[in-house]
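Encoded as structure tokens, the structure appears first; notes follow it.
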Amino acid sequence: MARKLVVMKFGGTSLATPERIKRAAARIARQRRKGWDALAVVSARGSATDDLLADAAKLAKHPAPREIDALLATGEQASAALLALALEAGGTRARSVTAHQIGILTDDNHRGAKIRAIDPRPLRRILSEGAVPVVTGFIAVDARGNITTMGRGASDKTAVVLAAVLKAKRCEIFTDVKGVYTADPNVVHDARRIPSLSHEEMLEFAAMGARVMHAGAVEWGKRFGVPIDVRSAFSSAQGTRIGAVSPMAGLDRSTVHGAATDEDWARITLHGLPDLPGRAATVFEVVAQDRINVDMILLNVPQGGLSDLSYTVLKTDLPKALANARRVAKRLGARSVSFDERIAKVSIVGLGMQDHYGVAARMLRALAKAGINVQAISTSEIKVSCIVREAEGARGLKVLHEAFQLRRRPKALAAGA
Ligand code: ADP
Ligand code: ASP
Ligand code: MG
């Protein structure tokens with residue numbers, strides 16, 4: 001009978017030193033001694049990705065995304081080889097493998113490539129030989145064999161996707177905090193660990209900036225029902241279980257379970273866009289043609305037949321998105337294009353929001369009381385987000401964490417725990 005499989009993903013800090021790599025190897029070996037098969041997924045060590053990006057920026061003003069991907073891939077490759085060495089040295093058979101060897105195929109949208117296909121056979125072969133595959137997270141290849149990467153933090157995605165295709169029992173994400181907290185514990189010091197969350201809640205939380213989990217990873221976890229455990233790489237403490245939350249949990253759900261801030265987005269505005277049917281559609285068709293991700297969209301009430309259309313794009317996409325916006329503005333006869341990189345999005349998230357009135361009002365009142373000006377608002381059934389000045393992002397987060405009493409009711413956050 002096939003052994004049960006667990007996918008174990010180690011983040012950058014968890015592999016930063018040889019000591020930590022040894023520790024990760026020992027954890028994998030322990031799991032195998034308990035009768036499990038294990039597959040490891042690794043990120044680049046420490047600040048390797050940021051350091052490589054900083055070097056590239058010193059050499060080129062607008063570095064080619066293809067070369068950036070080739071460069072960044074070296075970070076994950078080093079981690080995979082080092083962890084495989086440490087496993088073998090400790091008596092556990094291991095084989096490091098990179099994306100082209102196991103066919104993680106994406107489109108050619110460098111730095112934000114989307115998965116098209118995965119061939120699980122090479123990994124099954126390594127597992128059946130009794131070895132631990134140590135897979136480079138984050139990186140993949142396109143149909144022409146070029147190295148691609150799937151966006152910052154996307155090692156989580158590699159891990160969850162592999163857990164899904166190999167039908168692992170669960171995916172463990174080892175990181176530098178003890179789980180998912182009510183807000184970033186490195187910013188809000190009295191934030192509390194949330195024992196369990198549904199995929200939906202984590203998806204929204206991650207998309208709003210709780211970067212402890214990559215949103216795209218949670219999306220795959222939701223689609224394929226993969227339970228995800230976020231845990232500390234440095235202790236055996238219980239972490240946060242994502243998914244497999246009891247259906248009754250929703251009945252005893254607090255309104256808001258977490259607050260997050262996200263500084264990855266910039267605003268673009270097309271001013272004086274003629275107010276005619278189909279104009280906004282054209283804008284976003286052209287945006288999509290350039291494969292630019294859009295987050296928030298805001299269309300003002302027209303005045304004198306002209307309206308302003310604002311949307312937010314990833315700061316890393318800004319040069320491309322601005323060129324795109326100027327092109328479309330000219331085509332549609334808009335008056336001008338402006339942008340602002342100095343914005344932050346602060347959000348509150350919670351399934352229980354659906355059953356309460358006045359959540360947005362409470363959020364806006366709290367921000368107003370703190371003197372924080374809100375530039376745009378967007379809502380869904382389970383989240384409210386506001387755009388504020390970048391310099392106010394961290395303070396806004398603390399204000400909301402306090403206003404929704406996230407630190408005082410840790411028990412109520414534990415959906416089904
Ligand atoms: P890794 O390299 O292990 O993938 P990341 O830096 O991507 O680590 O994610 C862990 C970090 O996420 C934490 O150090 C913490 O600062 C940040 N973080 C942001 N929001 C949250 C949250 N709600 N709960 C826990 N950590 C959070
Ligand atoms: N090394 C990549 C990054 O820093 C991927 C990851 O850590 O998940 O974004
Ligand atoms: Mg991460």
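Note that this is a predicted model, so its numbers are computed, not measured.
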Notebook entry, point to check: Counting N and O atoms only, with roles assigned by atom type, does the side chain of R362 sit under 3.5 Å from a partner on the main chain of A403, one being a donor and the other an acceptor?
Noted result: yes

Margin query: Would you say CZ of R342 has more than 12 non-hydrogen atoms from neighbouring residues, nucleotides or ligands within 6.0 angstrom?
Written below: no

Notebook entry, point to check: Counting distance only, does the side-chain N/O of D107 pair as donor-acceptor with the main-chain N or O of K114 below 3.5 Å?
Noted result: yes

Note to self: Closer than 3.5 angstrom, by distance alone: can the side chain of R95 be matched with the main-chain N or O of P133 as a donor-acceptor pair?
What the structure shows: no

Margin query: Any salt bridge linking D108 with R291? Criterion: basic side-chain nitrogen under 4.0 Å from a carboxylate oxygen.
Written below: yes

Note to self: Tell me whether K169 is salt-bridged to D37, with the criterion being a basic N under 4.0 Å from an acidic carboxylate O.
What the structure shows: no

Margin query: Can you tell me if Q238 has over 12 outside heavy atoms packed within less than 6.0 Å of its CD?
Written below: no

Next item on the list: Please indicate whether K320 has more than 12 foreign heavy atoms, meaning atoms of other residues, nucleotides or ligands, lying under 6.0 Å from its NZ.
Entry: yes

Check: If you look at every heavy atom in T240 and V180, which pair is closest and at what distance?
Finding: OG1-N, 2.8 Å

Note to self: Is it the case that the side chain of R23 and the backbone of F234 share a donor-acceptor pair, with hydrogens and angles ignored and the cut-off at 3.5 Å?
What the structure shows: yes

Margin query: Nearest 0.5 Å, please: how far is CD1 in I139 from OG1 in T158?
Written below: 8.5 Å

Next item on the list: Taking atom types as modelled, find out whether D69 and T149 have a side-chain donor-acceptor pair closer than 3.5 angstrom.
Entry: yes

Check: Can you find a heavy atom in the side chain of T92 that is under 4.5 Å from one in the side chain of V132?
Finding: yes

Notebook entry, point to check: Going by heavy atoms in the side chains, are V97 and P122 under 4.5 Å from each other?
Noted result: no

Note to self: Just so I know, are the side chains of V328 and L270 near enough to count as touching, which here means a heavy-atom distance under 4.5 Å?
What the structure shows: yes

Note to self: For the NZ atom on K315, are there more than 12 heavy atoms of other groups (residues, nucleotides or ligands in this structure) within a distance under 6.0 Å?
What the structure shows: yes

Margin query: On a heavy-atom basis, which atom in L203 and which in E219 lie closest, and how many Å separate them?
Written below: CD1-N, 3.8 Å

Next item on the list: Give a yes or no answer on whether the side chain of N324 reaches the backbone of V286 with a donor-acceptor pair at less than 3.5 Å.
Entry: yes

Checklist line | Derivation of the side-chain contact (heavy atoms from CB on, under 4.5 Å) call for I115 and M150 | finding: CA-CA 8 Å; I115 294 181; M150 301 188 284; 3.6 Å; yes

Check: Taking everything shown except R116 itself, do over 12 heavy atoms lie less than 6.0 Å from its CZ?
Finding: yes

Item checked: Separation between CZ of R66 and CG of D142, rounded to the nearest 0.5 Å -> 8.5 Å

Next item on the list: Salt-bridge test for D264 and R152: reply yes if a basic N is under 4.0 Å from a carboxylate O, no otherwise.
Entry: no

Notebook entry, point to check: Looking only at heavy atoms, what is the nearest atom pair of E200 and I382, with distance?
Noted result: O-CD1, 3.9 Å

Checklist line | Distance-minimising heavy-atom pair for L299 and S307 | finding: CD1-OG, 4.0 Å

Item checked: Verdict with supporting geometry, E402 and R407, side-chain contact (heavy atoms from CB on, under 4.5 Å) -> CA-CA 7 Å; E402 195 62 38; R407 76 184 161 88; 3.2 Å; yes

Notebook entry, point to check: Does R279 use its side chain to pair, donor to acceptor, with the backbone of L332 at less than 3.5 Å?
Noted result: yes

Next item on the list: State, with a plain yes or no, whether a side-chain heavy atom of K9 is found less than 4.5 Å away from one of I173.
Entry: yes

Next item on the list: Indicate yes or no: at least one non-hydrogen side-chain atom of N373 is less than 4.5 angstrom from one of R389.
Entry: no

Check: I372 and side chain to side chain contact (heavy atoms under 4.5 Å, CB included): which partner among V346, L364, L367?
Finding: L367

Check: Does the pair E392 and R395 meet the rule for a salt bridge (charged side-chain N to carboxylate O under 4.0 Å, His left out), with working shown?
Finding: CA-CA 5 Å; E392 314 246 71; R395 196 162 65 88; 3.0 Å; yes

Notebook entry, point to check: Hey, are the side chains of S338 and R267 touching, using non-hydrogen atoms and a 4.5 Å cut-off?
Noted result: yes

Margin query: Could you check whether R170 pairs with D229 (Lys NZ or Arg NE/NH1/NH2 to Asp/Glu carboxylate O, under 4.0 Å)?
Written below: yes

Item checked: Close side-chain approach of F205 to M213, heavy-atom, < 4.5 Å -> no

Check: Any side-chain heavy atom of I343 sitting closer than 4.5 Å to one from T312?
Finding: yes

Item checked: Backbone N/O of M8 and side chain of E172: donor-acceptor pair under 3.5 Å -> no

Next item on the list: Applying side-chain contact (heavy atoms from CB on, under 4.5 Å), run through I377 and M363 and close with a yes or a no.
Entry: CA-CA 11 Å; I377 305 166; M363 174 178 189; over 6 Å; no

Notebook entry, point to check: When rounded to the nearest 0.5 angstrom, what is the spacing between CG in L162 and CH2 in W220?
Noted result: 10.0 Å

Check: Parallel, tilted or perpendicular for F174 and F10, by the 30°/60° rule?
Finding: parallel

Check: Between R45 and S79, which heavy-atom pair has the shortest distance, and what is it?
Finding: CG-OG, 3.1 Å

Note to self: How long is the straight-line distance from CE of M296 back to SG of C386, given to the nearest 0.5 Å?
What the structure shows: 7.5 Å

Notebook entry, point to check: Are the side chain of R93 and the backbone of E129 linked by a donor-acceptor contact shorter than 3.5 Å?
Noted result: yes

Margin query: Quick check against the 3.5 Å criterion: does T98 have a side-chain atom that pairs as donor or acceptor with the backbone of T136?
Written below: no

Next item on the list: Would you name the heavy atoms of A259 and L406 that are closest together and state the gap between them?
Entry: N-CD1, 3.9 Å

Notebook entry, point to check: Got a second to check how far L298's CG is from S378's OG, nearest 0.5 Å?
Noted result: 9.0 Å

Notebook entry, point to check: Rounded to the nearest 0.5 Å, how far apart are CG of D340 and OG1 of T269?
Noted result: 8.5 Å

Check: Just by distance, do the side chain of R193 and the backbone of G239 share a donor-acceptor pair under 3.5 Å?
Finding: yes

Notebook entry, point to check: Step by step, would you call S155 with H214 a side-chain contact (heavy atoms from CB on, under 4.5 Å)?
Noted result: CA-CA 8 Å; S155 292; H214 183 267; over 6 Å; no

Next item on the list: Identify the residue among V287, N109, L314 that makes a side chain to side chain contact (heavy atoms under 4.5 Å, CB included) with I292.
Entry: V287

